[in-house]
A.B. asks: 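Please read through the structure below; I'll follow up with questions.
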Amino acid sequence: MLDIKLIRENPDNIKKKLTIRGMKTESVDKILALDIKRRESIGEVEKLKSLRNTVSQEIAVMKKEGKDASARITDMKKVSDDIKAIDERLAEAEKMIDEVLRDIPNIAEDSVPEGKSSDDNVGFRIWGEKASGDFKYLDHVELGKKLDILDFSIGAKISGSGFPFYKGRGAVLERALINFMLDTHKLNGYTEVFMPFLVNRASMEAAEKVPKFEEDMYRTDPDDLFAIPTAEVPIVNIHRDEVLDLKDLPVKYCGYTACFRREAGSYGKDTKGFLRVHQFNKVEMINFCLPEQSYSQMEEMLNHACGILEALNVHYRVVNVCTGDMGFAASKQYDIEVWSPAENKWLEASSVSNCTDFQSRRAMIRFKRDKKTEFLHILNGSGLATSRLYVSLIESNQTPEGKIVIPKALHKYTGFEVIG
RNA sequence: GGAGAGGUGGGUGAGUGGCUCAAACCAACGGUUUGCUAAACCGUCAUAGGGGGUCAACCUCUAUCGAGGGUUCGAAUCCCUCCCUCUCCGCCA
């Protein structure tokens, strides 16, 4: 959620920023008009409430002294009715402001490239080399089937398409990746957490996922719980409605969860195997920090995610995501993409975002400095999602005979060095 | 699923309709005293929003006692609905 004061004080600048993100600007005018109405109502109603408070005191005194207070009581009856009416008007204006505000994304930082779609993202870093063996690289679905480590048809039978099924060494490899990543992040100063995969509506709202993206979520009906689309949701909510101690910042967490996404509207796109799934595994990093730290912390988080890939010798590139392709809550975003030799393309495996104070304002997560409370900045980064990393890993490390060589860093987690 | 108890400021905890528009204590912070520590004493001790302003550290008003409604001139206090926590029973990995 944006700060309404920012909109009030500098509407033209906000409009400009919205345009850059490909958004219409009329919401700004709507908010300005509603805000004026809101503040007028507040002025009116508070004057009446103040009157009511004093007169109620007087009535108490009069009754105590045995005087007749019925005239005043009659007066106050009218005042109370008026208060009720204005309060209703006020609540209506506030609700409408909130509705509009919920549709406005975070402001892009200056270093974010302008653009409309992922085609306009700008290369930021590239590491490693494409697998270049002199043979035809099998794609992960064929390879997984041949080695009997992945079977998407079983997943489809159990749940539906987009629910992966791992088997034998394939399952062990998945678990090894998760453990390797968690251990690495712990060494980088993150506190490991394990958390609920179903969260309540308040948590989803605090993380700015709902109501805007409700149709992308799995939801349980009788209890109104949401299957988390990312561990970002539960982790951000650890500190909802809290004032953190300045000396503890930055507070860093990492944790593994399964992630659930309906991917509504993208049926038929990238449906093969792991490329787009409804359930996947991800290790997430979250950082609560001082506002002036957040962009340097962001670079650090990017390096932590990239460090995983480098330890696994996975060819990757980082793109600076453009204004049109950025996440709703992000002010700046890096995507990390890994190379698939079989698809002959880059696959998004991680996203590191600086959400500045956009989530913390909604979630009321603050710290105290010089007797004033300020919203802290929240960053999230996948480090990383396993599914597409898994694709790159097994495809790139396959041998001409169709075996998979496990990277050395994983040996102590898998207990084997080759599949097949 | 059944029965019961309870949710008050950072913590403990008083308060069952009007000198409580939340007492007291603890913790924290600032100060005084002291050779040092301790103790004692004094002070500060919420959050959000509105208005005023020499627009910052100031003044003022309003709201907030789990959430939302209701009754009333007036609600932490009475009524209704919901949420959560704890205890016991049942079921269960």
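Chain naming here is simple, since letters A, B, ... match the order of the sequence lines and numbering starts at 1 in each.
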A.B. asks: Exactly one of Asp335(A), Val321(A), Asn121(A) should register a side chain to side chain contact (heavy atoms under 4.5 Å, CB included) with Met326(A). Which one does?
C.D. replies: Val321(A)
A.B. asks: I want to confirm an ordering. Mapping Lys47(A) and Val61(A) to their closest nucleotides on RNA chain B, which one lands closer to the 5' end?
C.D. replies: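 In this pair, the answer is Val61(A).
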A.B. asks: Suppose the criterion is ring pair (Phe, Tyr, Trp, His ring centres under 6.0 Å): which pairs have a residue in residues 216-246 of chain A, not counting sequence neighbours?
C.D. replies: His239(A)-Tyr253(A), His239(A)-Phe288(A)
A.B. asks: Can you give me the first and the last nucleotide of RNA chain B (5' to 3') that has an atom within less than 4.0 angstrom of a non-hydrogen atom in chain A?
C.D. replies: rG18(B) to rG74(B)
A.B. asks: Pair up each side-chain donor or acceptor in residues 163-177 of chain A with any protein partner under 3.5 Å, not counting sequence neighbours, and list the distances.
C.D. replies:
residue   : atom : partner   : partner atom : Å
Tyr166(A) : OH   : Glu174(A) : OE1          : 3.3
Tyr166(A) : OH   : Glu174(A) : OE2          : 3.1
Lys167(A) : NZ   : Asp148(A) : OD1          : 3.4
Lys167(A) : NZ   : Asp148(A) : OD2          : 3.0
Arg169(A) : NH1  : Val418(A) : O            : 2.8
Glu174(A) : OE1  : Thr386(A) : OG1          : 3.4
Glu174(A) : OE2  : Asn281(A) : ND2          : 2.6
Glu174(A) : OE2  : Thr386(A) : OG1          : 2.5

A.B. asks: In residues 74-83 of chain A, which ones come under 4.0 Å of RNA chain B, going by heavy atoms?
C.D. replies: Met76(A), Lys77(A), Ser80(A)
A.B. asks: At 4.0 Å (heavy atoms only), tell me whether Arg369(A) reaches a base, stays on the sugar-phosphate, or touches nothing.
C.D. replies: nothing
A.B. asks: What distance, rounded to whole Å, do you find between the two P atoms, one in rA39(B) and one in rG30(B)?
C.D. replies: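 Pairwise P distance, rA39(B) against rG30(B), rounds to 15 Å.
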A.B. asks: Under the ring pair (Phe, Tyr, Trp, His ring centres under 6.0 Å) rule, what pairs show up with a residue in residues 354-388 of chain A, not counting sequence neighbours?
C.D. replies: Phe328(A)-Phe358(A)
A.B. asks: Please indicate whether Lys67(A) has more than 12 foreign heavy atoms, meaning atoms of other residues, nucleotides or ligands, lying under 6.0 Å from its NZ.
C.D. replies: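 Counting neighbours around NZ of Lys67(A), 12 or fewer heavy atoms of other residues, nucleotides or ligands fall under 6.0 Å, so no.
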A.B. asks: Mind checking side-chain hydrogen bond (donor to acceptor under 3.5 Å, both in side chains) for Asp103(A) and listing every partner two or more places apart, or none if nothing turns up?
C.D. replies: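 Testing Asp103(A) for side-chain hydrogen bond (donor to acceptor under 3.5 Å, both in side chains), a comparison that skips the adjacent residues, returns Lys212(A).
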A.B. asks: Contact class for Ile59(A) (heavy atom, under 4.0 Å): base, sugar-phosphate, or nothing?
C.D. replies: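 Counting heavy atoms under 4.0 Å across all strands, the contact made by Ile59(A) includes a base.
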A.B. asks: Closest nucleotide of RNA chain B for Arg366(A) versus for Arg72(A): which of these residues is on the 5' side?
C.D. replies: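 Going by which nucleotide is closer to the 5' end, it is Arg366(A).
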A.B. asks: Salt bridge or not for Arg201(A) and Asp224(A), using N-O below 4.0 Å?
C.D. replies: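 Between Asp224(A) and Arg201(A) there is a salt bridge, with a charged N closer than 4.0 Å to a carboxylate O.
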A.B. asks: Between rC80(B) and rA24(B), how far apart are the P atoms? Round to whole Å, please.
C.D. replies: 34 Å
A.B. asks: Reading RNA chain B 5' to 3', what string of ( ), [ ], | and . shows its pairs, if Watson-Crick and G-U wobble pairs count only when both distances fall under 3.5 Å?
C.D. replies: ((((((((.[[[..)..(.....]]].(((((.......))))).(((((((.....))))))).[[[[[..)....]]]]])))))))....
A.B. asks: Quick test of your reading: applying ring pair (Phe, Tyr, Trp, His ring centres under 6.0 Å), list the pairs with at least one residue in residues 8-55 of chain A, sequence neighbours left out, ordered by first then second residue.
C.D. replies: none
A.B. asks: Looking at residues at least two apart in the chain, or sitting in another chain, which of them share a side-chain hydrogen bond (donor to acceptor under 3.5 Å, both in side chains) with Thr356(A)?
C.D. replies: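 side-chain hydrogen bond (donor to acceptor under 3.5 Å, both in side chains) list for Thr356(A), sorted by chain: Asn106(A).
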A.B. asks: Considering only heavy atoms, which members of residues 95-107 of chain A lie under 4.0 Å from some atom of RNA chain B?
C.D. replies: none
A.B. asks: For Glu142(A) and Asp139(A), indicate whether the former's side chain and the latter's backbone hold a donor-acceptor pair under 3.5 Å.
C.D. replies: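 At least one qualifying donor-acceptor pair exists.
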A.B. asks: Mind checking the P distance from rG74(B) to rC19(B)? Whole angstroms is fine.
C.D. replies: 16 Å
A.B. asks: Would you call the rings of Phe274(A) and Phe152(A) parallel, tilted or perpendicular if under 30° counts as parallel and over 60° as perpendicular?
C.D. replies: perpendicular
A.B. asks: For atom CE of Met96(A), is the number of surrounding heavy atoms from other residues, nucleotides or ligands below 6.0 Å larger than 12?
C.D. replies: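 Result for CE/Met96(A): open.
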A.B. asks: Taking the same atom, C1', in rC45(B) and in rC29(B), what whole-Å distance lies between them?
C.D. replies: 8 Å
A.B. asks: For Glu300(A), check side-chain hydrogen bond (donor to acceptor under 3.5 Å, both in side chains) against everything at least two apart and list the hits.
C.D. replies: none
A.B. asks: Give me the distance, rounded to whole Å, that separates rA75(B) from rG13(B) when you measure between the P atoms they each carry.
C.D. replies: 28 Å
A.B. asks: Would you measure the distance from the C1' atom in rA67(B) across to the matching atom in rA76(B) and give it in whole Å?
C.D. replies: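 One C1' to the other, the span is 15 Å.
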A.B. asks: Mind checking the C1' distance from rG90(B) to rG1(B)? Whole angstroms is fine.
C.D. replies: 8 Å
A.B. asks: For Ser70(A), which contact category applies under a 4.0 Å heavy-atom criterion: base, sugar-phosphate, or nothing?
C.D. replies: nothing
A.B. asks: List the residues meeting side-chain contact (heavy atoms from CB on, under 4.5 Å) with Asp82(A), not counting sequence neighbours, and say none if there are none.
C.D. replies: Leu48(A), Lys78(A)
A.B. asks: How far does the P atom of rG11(B) sit from the matching atom of rU72(B), given to the nearest Å?
C.D. replies: 36 Å
A.B. asks: What's Lys63(A) touching, base or sugar-phosphate or nothing? Going by heavy atoms closer than 4.0 Å.
C.D. replies: base
